[in-house]
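Just the heavy atoms: all of them, side chains too, but no hydrogens, waters or symmetry mates, feed the values below.
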Amino acid sequence: MTASAAFLDFLRDHLSGLGPVRTRRMFGGTGVYLGEVMLGLVADDTLYLRTDPDLARDLEADGSAPFTYEGKAKPVTMPYWRLPDAALDDPDVAVAWARRALVPAEAAVAAKSARKARRG
């Protein structure tokens with residue numbers, strides 16, 4: 001699930017229209033962040049964006065597929081979908097998809113904060 005330095009440099013430049021995108025290695029892959037919000041992950045030099053059901057449906061219609069990995073007993077599908085290939089050629093298209101991914105990514109941050117507040 002590695003990400004090459006060249007691909008991460010490409011992504012930061014390609015998504016620069018979104019704002020100051022940064023990447024951070026984690027769990028064998030790499031998180032893609034805008035501020036403190038993780039809007040995507042990179043595995044094997046492929047960007048996967050955080051989704052909700054509507055965004056996942058639209059990405060699927062554009063030829064995308066979800067991020068899955070082999071769990072202990074069966075494959076695990078996460079709420080991240082591959083950035084469509086056409087978006088790799090057009091930064092405006094990539095930024096438009098990434099902007100849409102910010103909505104579920106920010107919702108995930110809010111839900112995590114609410115869970116911590118209830119426990120704490």
State, to 0.1 Å, how close [X] and [Y] come at their nearest heavy-atom pair, and which atoms those are.
X     : Y     : value
Ala98 : Leu49 : N-CD1, 4.1 Å
Gly71 : Val76 : CA-CG2, 3.9 Å
Ala87 : Val93 : CB-CG1, 3.8 Å

Could you check whether any side-chain heavy atom of [X] comes within less than 4.5 Å of a side-chain heavy atom of [Y], counting everything from C-beta outward?
X     : Y     : result
Pro79 : Arg50 : yes
Val42 : Val32 : yes
Leu83 : Leu59 : no

Keeping to residues at least two apart or across chains, list the ring pair (Phe, Tyr, Trp, His ring centres under 6.0 Å) pairs with something in residues 86-106.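 Listed by first then second residue: nothing to list.
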
Per the ring pair (Phe, Tyr, Trp, His ring centres under 6.0 Å) rule, what does the pair list look like for residues 39-65, sequence neighbours excluded? Tyr48-Phe67

Quick one: side chains of residues 4-12, donor-acceptor pairs under 3.5 Å with protein atoms, not counting sequence neighbours, listed by atom name and distance.
from, atom 1, to, atom 2, distance (Å)
Ser4, OG, Phe7, N, 3.1
Ser4, OG, Asp45, OD1, 3.3
Ser4, OG, Asp45, OD2, 3.0
Asp9, OD1, Arg12, NH2, 2.4
Arg12, NH1, Thr23, OG1, 2.4

At what distance, to the nearest 0.5 angstrom, does CG of Leu18 lie from CG of Leu34?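 That separation rounds to 5.0 Å.
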
From CG (Leu102) to CE (Met38), nearest 0.5 Å: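 The distance works out to 12.5 Å.
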
Show your reasoning for whether salt bridge (Lys or Arg N to Asp or Glu O under 4.0 Å) applies to Arg22 and Glu36. CA-CA 10 Å; Arg22 65 183 174 84; Glu36 297 303 311; 3.6 Å; yes

Is Arg100 paired with Asp54 through a side-chain N to carboxylate O contact shorter than 4.0 Å?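 No, Asp54 and Arg100 are not salt-bridged.
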
